[in-house]
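No hydrogens, no waters, no symmetry mates; every other heavy atom, side chains included, goes into these values. The chain is numbered in sequence order, starting from 1.
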Amino acid sequence: MGSPQGRAPSNEFQSRLNRVAKQRAPIDAAKPQVDLLPDWKANFKQPMTIVAAVLVGMQAVLVARLLRFHLMGGTLAGDNPDIAMIIDVGVAIAFSFPIIFFLNLRGHKFKAAQVAGIVLMFGVMHNFVHAAPGVFGLLFSEEWTEDIVTYSEPGSVYVRGNYITVLPSGEDVADEPKKPELPKVRRLG
């Protein structure tokens with residue numbers, strides 16, 4: 001298999017390796033250089049775009065409720081709150097998906113973040129009313145804002161007609177005056 005002991009080794013294999021290397025030189029030169037360190041801009045941009053998708057979903061619910069409030073003559077609930085919520089979801093989706101598309105945030109994770117923002121805003125919008133009643137009084141009406149502040153508790157989540165308190169308030173619940181019977185407050189813990 002090898003050369004007889006008296007003969008010199010052949011250079012055919014080495015010359016073949018040189019020919020292959022010469023042919024592959026343009027291909028290897030065209031390959032991009034690999035950077036081992038991740039790009040900090042990409043690492044910063046990814047979470048911020050997901051946060052932006054959540055905020056767009058939350059904004060869409062605010063716009064949907066604002067439109068429905070003014071189109072229905074100053075009321076948000078109507079005869080059936082479940083149907084009103086379905087209308088809000090439809091308007092919020094119709095409003096927010098073109099914005100997400102325009103911002104070039106395509107993909108399942110952005111759609112999921114947007115839907116999470118919509119659901120989140122449905123549950124916590126009354127907390128924003130507690131935080132800034134003057135702004136919501138200008139957007140909606142003073143009567144509506146007073147109703148929301150009266151019937152809901154800050155630091156709670158609204159789920160199908162019930163306010164579930166998540167964050168403890170600084171006041172003692174026993175010292176509060178009686179509220180109307182309509183909303184039910186359930187406490188965790």
Side-chain angles (χ1 to χ4, degrees), residues 1-71 82-132 134-136 138-140 154-160 164 166-168 188:
M1 307 276 159
S3 61
Q5 292 204 351
R7 294 177 55 192
S10 173
N11 289 336
E12 288 179 33
F13 184 72
Q14 186 61 40
S15 64
R16 182 167 185 252
L17 285 177
N18 292 339
R19 280 194 316 266
V20 169
K22 187 177 180 182
Q23 289 174 350
R24 289 207 40 97
I27 296 171
D28 291 338
K31 286 184 180 178
Q33 294 294 325
V34 176
D35 188 13
L36 298 179
L37 294 175
D39 185 23
W40 68 272
K41 292 177 187 173
N43 287 345
F44 182 71
K45 183 180 176 185
Q46 179 68 21
M48 295 312 292
T49 53
I50 291 175
V51 168
V54 169
L55 291 176
V56 166
M58 292 175 76
Q59 174 191 349
V61 171
L62 180 65
V63 169
R65 286 187 171 175
L66 189 64
L67 287 174
R68 190 167 52 83
F69 177 81
H70 289 292
L71 291 176
D82 291 333
I83 291 176
M85 186 177 69
I86 291 171
I87 291 170
D88 285 346
V89 167
V91 172
I93 288 173
F95 177 73
S96 64
F97 273 100
I99 293 174
I100 292 293
F101 186 77
F102 177 72
L103 292 176
N104 201 17
L105 301 177
R106 296 180 184 102
H108 296 296
K109 60 185 166 194
F110 298 117
K111 290 178 185 172
Q114 174 185 357
V115 170
I118 290 172
V119 170
L120 179 68
M121 190 63 159
F122 273 113
V124 300
M125 183 173 162
H126 64 280
N127 291 316
F128 293 114
V129 176
H130 280 280
V135 173
F136 282 92
L138 292 173
L139 290 174
F140 292 93
S156 62
V157 177
Y158 180 73
V159 180
R160 291 193 38 90
I164 301 170
V166 178
L167 300 175
L188 297 177

If I compare all heavy atoms of [X] with all of [Y], which pair ends up nearest, and what's the gap?
X	Y	answer
F136	F128	CE1-O, 3.4 Å
L139	H70	O-NE2, 2.9 Å
M58	G117	CG-O, 3.2 Å

Nearest 0.5 Å please: distance from the [atom1] atom of [X] over to the [atom2] atom of [Y].
X	Y	atom1	atom2	value
N127	M121	CG	CE	10.0 Å
L17	N11	CG	CG	11.5 Å
L66	L71	CG	CG	9.5 Å

Look at the aromatic rings of F69 and F140 and report parallel, tilted or perpendicular, splitting at 30° and 60°.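 F69 vs F140 ring planes: perpendicular.
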
Name all residues meeting the side chain to side chain donor-acceptor pair (under 3.5 Å) criterion together with Q23; count only those two or more places apart in sequence or in a different chain, and write none if there are none.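 Once residues adjacent in sequence are excluded, Q23 has no partner under the side chain to side chain donor-acceptor pair (under 3.5 Å) criterion.
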
Selection residues 17-26 - residue pairs positive for salt bridge (Lys or Arg N to Asp or Glu O under 4.0 Å), sequence neighbours left out: R24-D28

Sequence neighbours left out, what pairs pass side-chain hydrogen bond (donor to acceptor under 3.5 Å, both in side chains) with at least one residue falling in residues 47-61? none

Min side-chain heavy-atom separation F122-V89 under 4.5 Å: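 Yes, at least one pair of side-chain atoms sits under 4.5 Å.
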
Restricting to side chain to side chain contact (heavy atoms under 4.5 Å, CB included), what partner residues turn up for L138, sequence neighbours left out? none

Any residue meeting side chain to side chain contact (heavy atoms under 4.5 Å, CB included) with A113, in chain and number order, not counting sequence neighbours: I50, A53, V54

Donor-acceptor pairs under 3.5 Å, side chain of residues 92-99 to any protein atom, not counting sequence neighbours: which ones?
unit_1: S96; atom_1: OG; unit_2: A92; atom_2: O; d: 2.8
unit_1: S96; atom_1: OG; unit_2: Q114; atom_2: NE2; d: 2.3

If only atom types and distance count, is the side chain of H126 paired as donor or acceptor with the main-chain N or O of S156 below 3.5 Å? yes

